[in-house]
Structures are given as structure tokens and as C-alpha cells.
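Take a look at the structure set out below.
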Amino acid sequence: MSSSADVVANGVDHHDHVLRPRPRKPQHSAVRALSRASSGENMDGQNSQPAAFENGTSSGLTSGRSTPVPENAPPSVKSLSSARKQARAENRRRRIFPSTDFESRVSHFDPESDYRDFHGFFNLFWIGLFIMGITTGLRNMKDTGFPLRFQIWTLFTIKLWHLAVADALMVGSTIVSLGIHWMSRKAPANGVLTWKKGGMALQSIYQVAWFAFWVFLPFYLDWTWTAQVFFLLHTMVLLMKMHSWAFYNGHLCETEKRLRSLDNHSRNSPSDLRPAYLYPSAERPEATTTATKSRVSLSDEDNEKSADELGTLREDLARELTSPIGNVTYPANLTLANCGDYLLCPTLCYEIEYPRLEHRNWISLISKIIATFGCIFLLTVVSEEFILPVLTDAAQKLHPVLGHPPPVSESLLILLESISWLLFPFMLTFLLVFLVIFEYVLGAFAEITRFADRHFYSDWWNSTDWMEFSREWNVPVYSFLRRHVYSASRPHLGKSRATVITFLISAVGHEIVMACITKKIRGYGFVCQMLQLPIFMMQNTKWVRGRQTLNNVFFWASMILGLSLICALYVLV
């Protein structure tokens with residue numbers, strides 16, 4: 001991770017203090033020295049030569065890994081190297097015919113290269129999609145007289161008002177968690193309705209009933225699969241947000257009650273003086289306590305806690321009730337405005353306070369909104385032109401209206417042919433879904449709420465196994481599962497079982513999505529999701545571990561094949 005200090009050190013001060021995953025320009029010291037020498041930049045950072053093409057030389061920006069003097073070389077060696085560079089520059093200027101500067105350098109695509117800026121390929125990707133859209137529209141104009149096929153487009157308008165009203169009611173129903181929390185907070189510390197007793201149970205029952213009702217509603221109203229997919233995804237997002245809000249504030253509620261109880265602590269009415277419990281996290285894998293030494297148990301009433309220990313416990317509990325930024329303290333966050341803001345923030349993990357930007361970038365917001373609808377348009381075109389015809393044709397062959405179905409061998413060939421035809425469209429669909437969700441939709445909501453942390457994904461395209469992909473492809477969901485599933489279950493079940501439970505819940509969620517799309521319960525998606533665990537174990541063996549290129553190729557092959565296979569199985573089998 002390169003910080004803003006790194007950026008300033010390379011001569012480009014963006015003044016934004018944003019952590020960036022990789023530098024946009026070469027960071028190798030030799031490359032910077034070569035860039036300054038070839039472009040005529042002096043020690044003061046000023047350009048003492050004309051433009052590069054006027055001199056007949058290159059710009060000096062290389063892909064890195066050249067072979068000049070190392071950083072720890074003595075000053076005399078560096079001076080000699082600088083003198084040689086100046087001499088070569090003088091000789092080039094005096095030559096009658098322009099010379100070419102050859103150095104020991106690697107290509108930009110070389111794994112040893114320091115260069116990481118491939119934004120031009122991103123632009124090429126969009127140009128290719130634009131060409132595909134124009135070509136498809138012209139072909140449809142020739143065949144049907146219309147630029148688009150309307151088999152999927154018409155599905156967006158069916159019962160649209162049902163979807164809008166139901167979605168608004170679903171969002172509004174999440175406010176019940178606020179009422180449950182207020183009731184638990186007002187209950188006595190050892191009362192039935194306090195959070196650790198009745199409050200948690202009541203919230204869990206409400207979440208299960210809430211999720212079951214909103215998942216069943218589209219089936220009852222007989223919505224189209226497009227409306228059902230949108231509604232289900234929004235339902236799952238709201239479920240995770242509601243769970244994170246309720247259980248984190250429930251933890252703060254119990255912390256506040258424990259802190260208040262210390263005010264009345266005495267020998268005759270002792271309070272709970274056990275050290276604060278620290279849940280496991282990415283930085284701290286094991287659950288611990290804030291105690292650095294053994295403390296006296298509650299049963300030893302004859303031995304009072306020292307004033308220092310009591311003060312330390314108070315500080316630990318008070319710090320827990322205050323946001324890491326330090327501007328908001330529980331229960332000041334228990335407002336409708338805070339809940340509404342959290343529902344709009346592009347995160348699934350609730351915090352009392354989030355880092356914010358000072359201003360909204362309206363141009364960026366408008367461009368992300370336009371790009372969102374552009375991606376949806378392209379997704380519809382790909383589905384209409386390259387996925388639906390393949391599935392329709394295969395379904396007619398496998399399940400003919402008249403006559404008998406083909407033999408098993410022919411059915412298998414039809415299925416394999418359909419999967420092969422779906423490989424490229426689903427790869428394109430996967431990339432578009434990634435862009436529309438994690439770059440444009442989440443980015444737009446980040447601009448609306450001025451949410452400063454835009455780390456919604458990492459470089460998942462370089463993943464070498466499914467564990468790495470699950471961490472980097474969907475950072476909001478990964479953070480939620482790690483915080484509220486893995487970390488919550490690991491102290492009770494252990495690391496291995498907590499991992500299985502986390503994958504199990506994720507697999508069930510994916511299976512629910514596929515069941516709502518196809519209106520079939522087959523379990524193909526669940527099985528493929530759980531197969532990631534043995535695949536990861538296989539890739540961790542000594543014969544495969546460490547072979548990054550091989551594992552990345554295996555990841556991409558299994559990803560592309562898996563998407564086509566699951567779709568074909570759900571629709572055709």
C-alpha cells in the first residue's frame with residue numbers, strides 16, 4: 001500500500017491523503033533516475049532540455065527494473081554514474097544523426113516491472129463493448145427492423161409499481177430494530193429484556209421472520225425474475241445492515257450498562273470487574289482480554305480491586321462507547337438520521353461514525369449514475385443476444401414438445417455445447433456485474449454520503465485461490481462475514497469450524513439467489529460454492545502452492561466454467 005507520502009516523494013502531491021493500492025508510475029529508484037536523466041531534469045527538479053521528441057529521445061518513462069547504481073552505493077560511485085550520464089547526453093546532442101538510447105530494461109507486462117497503470121486497457125474494454133452494441137443493433141435492424149430485441153426489456157416494466165411500493169415498505173420496516181434496541185436499553189442490567197437476554201433473542205426472531213416474508217412476497221405476487229433478483233439482492237443487503245446495526249449497538253448497550261454499574265461499585269454491592277473482552281479480528285486473530293495480568297475473580301470479595309484497575313476498566317469501556325474518529329459517543333448515534341445515513345452508506349458493517357469527504361464530486365456522481373444504466377443496458381444486450389438464445393435452443397432440443405427426448409449421450413453433448421457457447425458471454429456478464437456493483441453503484445452512494453473509504457474491492461483478478469478471491473472480490477460482504485459470522489463463532493467453534501460455517505452461510509445465500517431467479521431448488525450453486533474448500537486445500541499442497549501463474553489460470557478457468565455450468569444446469573436440467 002502506498003500512502004500519500006509516497007506520492008509526494010515521487011514528485012506528485014495530490015493533497016488527498018488517500019491510500020492507493022499500487023503506484024501509477026514506476027517506483028524503482030533507477031527508473032526515477034533514468035527518467036530525470038533522459039528528460040533533462042536537473043537536481044532541482046526543473047527541466048533543462050526541450051521536449052523529448054524534439055531531442056529525438058524517448059520520454060524516459062520505463063517499466064522499471066533497469067540496472068544502474070544501487071541506492072546504497074558510495075557517493076563517489078553515484079558521482080561517476082551521474083558524470084557518465086551527462087557525458088552520454090552531451091554526446092547524443094553533438095551527433096549528426098539522432099541516436100537511440102538503449103538501456104537494460106524490462107517490458108511493461110513483465111512480472112518484474114514496477115509499472116501498474118493499465119487504464120488504457122480499461123478504455124479499450126469499453127470501446128469493445130460499444131462496438132459490440134453497435135454491431136448487435138445493426139444486425140437486429142436488418143433482421144427485425146428494430147435495434148433491440150424486447151424479450152427481456154419488457155420484463156422491467158411489468159408490475160413496476162408493486163416493486164417500488166414493496167421496496168419502500170421493506171426499507172421502512174428495518175426501523176423496528178431501533179425500537180427493539182431502545183426497549184433493551186431501558187431494561188435493567190439483569191432484566192429479561194436486556195440485550196444479552198431477551199433483546200438479542202427478539203431481534204433474531206424478527207430478522208428471521210422479516211427475511212422470510214420479503215423473500216416469499218415476490219413469489220406470491222408472481223413478479224418477473226428481473227424484479228425478483230433486484231428485490232432479493234436489496235433484501236439481503238438490508239438484512240446484513242440491520243443485523244450489523246442491531247448487534248453492534250446491542251454490544252454497546254451492554255457496555256454502557258456495565259460502565260454505569262461501576263459508578264455504584266462498592267464492597268457491599270460489587271460490580272462485574274472482569275477485564276473487557278476483545279473479539280478476534282484480522283489484526284488480532286485470537287480473542288483476548290484487556291488484562292495484562294491475572295485479576296481477582298468476583299467470588300473473592302475480600303480482595304478489592306485497586307483504584308488503578310478500576311480506572312483502567314472504566315477507560316476501556318468508555319473508549320469502546322466512542323467512535324474511533326472520536327466525534328460521536330453512544331447513545332448519541334441512536335437517531336433516525338443516523339439510521340437513514342447508514343442505510344445509504346456503501347458498507348454492511350455498522351460503525352458509530354465514518355470518515356467523510358469535505359465535498360461531493362458532482363461530476364463523478366453523474367458519471368457513475370450514467371455508467372450504472374450503461375452497464376445495465378449492456379447486461380441486457382448480452383443476455384438477450386448471446387445467453388437467452390443458447391438456452392432456448394438447448395431447452396427445445398433437450399425437452400421437445402413433440403417426440404421423445406434425445407438419448408443420454410446426445411443430451412450430454414447438447415449440454416456441453418451449450419456450456420461452451422456460454423463461456424464468453426458469462427465472462428463478460430461477470431465483469432459487467434462487477435463494474436456496475438462495486439465501481440458504479442457503491443461509488444455513487446459513496447459520493448452521495450461523502451463516504452471516504454472507497455475500498456470496495458482489491459485486485460481479485462490476480463487471485464490464486466478461492467480464499468483470496470473471497471477476500472478481495474467483495475470487500476463489504478467479506479468484512480461483514482468476518483466480523484459477524486467468523487469472529488463471532490470462532491471463540492466457540494474453533495478456526496476450522498468457523499470457516500466452514502462462514503462458507504456455509506455464503507453458499508446458502510447464493511443458492512437462495514439462484515432459486516429465486518430460476519424458481520427451482522437444485523443445490524448446484526450450493527455444491528459449487530462448498531467445493532471451494534477442497535479446491536483451496538488442493539492448491540495449498542506443496543506441488544501446487546507458490547505457482548502463482550498456474551493457480552491464477554486455474555482460478556479464471558474454474559470461474560468462467562463454473563458460471564456457465566451452473567446456469568446451464570439450473571435452466572436445462
Side-chain angles (χ1 to χ4, degrees), residues 119-160 163-164 223-234 366-397 417-444 457 461 473 513-514 516-519 556 559-572:
H119 187 71
F121 280 98
F122 181 77
N123 295 332
L124 179 62
F125 172 77
W126 281 107
I127 293 174
L129 291 179
F130 177 77
I131 295 173
M132 182 202 70
I134 294 297
T135 304
T136 302
L138 293 175
R139 187 179 68 245
N140 289 335
M141 285 289 294
K142 177 183 176 182
D143 296 340
T144 64
F146 297 95
L148 299 173
R149 301 178 187 269
F150 297 99
Q151 190 170 354
I152 294 180
W153 290 103
T154 53
L155 299 178
F156 292 129
T157 59
I158 298 177
K159 297 183 179 180
L160 185 60
L163 175 62
W223 287 358
T224 61
W225 68 268
T226 53
Q228 195 162 4
V229 167
F230 167 80
F231 191 76
L232 176 63
L233 293 178
H234 198 194
I366 294 173
S367 64
K368 290 181 186 300
I369 293 175
I370 295 174
T372 297
F373 287 99
C375 284
I376 294 174
F377 171 80
L378 291 173
L379 281 169
T380 307
V381 170
V382 172
S383 301
E384 192 102 57
E385 299 291 337
F386 304 104
I387 295 178
L388 192 60
V390 174
L391 295 175
T392 302
D393 183 64
Q396 293 175 353
K397 293 178 180 178
E417 182 188 23
S418 302
I419 294 174
S420 66
W421 278 107
L422 293 173
L423 290 177
F424 184 78
F426 264 104
M427 181 183 67
L428 190 57
T429 300
F430 172 75
L431 295 176
L432 287 173
V433 168
F434 160 73
L435 283 174
V436 73
I437 294 178
F438 299 106
E439 183 64 22
Y440 300 132
V441 173
L442 295 184
Y457 58 89
W461 44 88
W473 141 260
V513 173
M514 294 305 301
C516 291
I517 294 176
T518 61
K519 293 182 172 56
W556 271 113
M559 168 65 74
I560 299 171
L561 179 61
L563 293 172
S564 304
L565 176 63
I566 291 174
C567 177
L569 289 176
Y570 271 103
V571 176
L572 303 177

Identify every side-chain donor-acceptor pair in residues 382-391 under 3.5 Å, counting partners at least two apart or on other chains, and give the distances.
unit_1, atom_1, unit_2, atom_2, d
Ser383, OG, Leu379, O, 2.9
Glu384, OE1, Ile152, N, 3.1
Glu384, OE2, Gln151, N, 3.1
Glu384, OE2, Ile152, N, 3.1
Glu385, OE1, Arg139, NH2, 3.1
Glu385, OE1, Arg149, NE, 3.2
Glu385, OE2, Asn140, ND2, 2.7
Glu385, OE2, Arg149, NE, 3.3

- Is there a side-chain contact between Leu432 and Leu129, using heavy atoms and a 4.5 Å cut-off? yes
- Task: Would you please classify the geometry between the Trp126 ring and the Phe122 ring as parallel, tilted or perpendicular, with 30° and 60° separating the classes?
- Result: perpendicular
- Message: Between Ser420 (side chain only) and Glu417 (backbone N and O only), is there a donor and an acceptor less than 3.5 Å apart?
- Response: yes
- Tell me, yes or no, whether the heavy-atom count around Phe156 atom CZ, taken from other residues, nucleotides or ligands under 6.0 Å, exceeds 12. yes
- Query: If you take all heavy atoms of Leu232 and Val513, which pair is closest and at what distance?
  - Reply: CD2-CA, 3.4 Å
- Task: Assess whether ring-ring contact (aromatic ring centres under 6.0 Å, His included) is satisfied between Trp473 and Tyr457, documenting all intermediate values.
- Result: CA-CA 5 Å; Trp473 141 260; Tyr457 58 89; 8.9 Å; no
- Please examine the side chains of Phe426 and Ile560, heavy atoms only from C-beta on, and report whether any two atoms are closer than 4.5 Å. no
- Query: Is atom CZ of Phe430 surrounded by more than 12 heavy atoms (other residues, nucleotides or ligands) closer than 6.0 Å?
  - Reply: yes
- Query: Just how far is it from atom OG1 of Thr429 to atom CG of Leu563, taken to the nearest 0.5 Å?
  - Reply: 8.5 Å
- Hey, is the main chain of Tyr570 close enough, under 3.5 Å, to the side chain of Thr518 for a donor-acceptor pair? no
- Considering all heavy atoms of both residues, which atom of Gln228 and which atom of Lys519 are nearest to each other, and what is their separation? OE1-NZ, 3.0 Å
- Task: Count the heavy atoms belonging to other residues, nucleotides or ligands that lie under 6.0 Å from CZ of Phe125, then report whether that count exceeds 12.
- Result: yes
- Query: So do the side chains of Leu431 and Leu435 get within less than 4.5 Å of each other, counting heavy atoms only?
  - Reply: no
- Considering all heavy atoms of both residues, which atom of Thr380 and which atom of Ile376 are nearest to each other, and what is their separation? OG1-O, 2.8 Å
- Hey, does Thr224 have a side-chain heavy atom less than 4.5 Å from the side chain of Lys159? no
- Task: Answer yes or no: are there more than 12 heavy-atom neighbours, outside Trp421 itself, under 6.0 Å from its atom CH2?
- Result: no
- Message: Using side-chain heavy atoms (C-beta onward) and a distance below 4.5 Å, is Leu572 in contact with Ser418?
- Response: yes
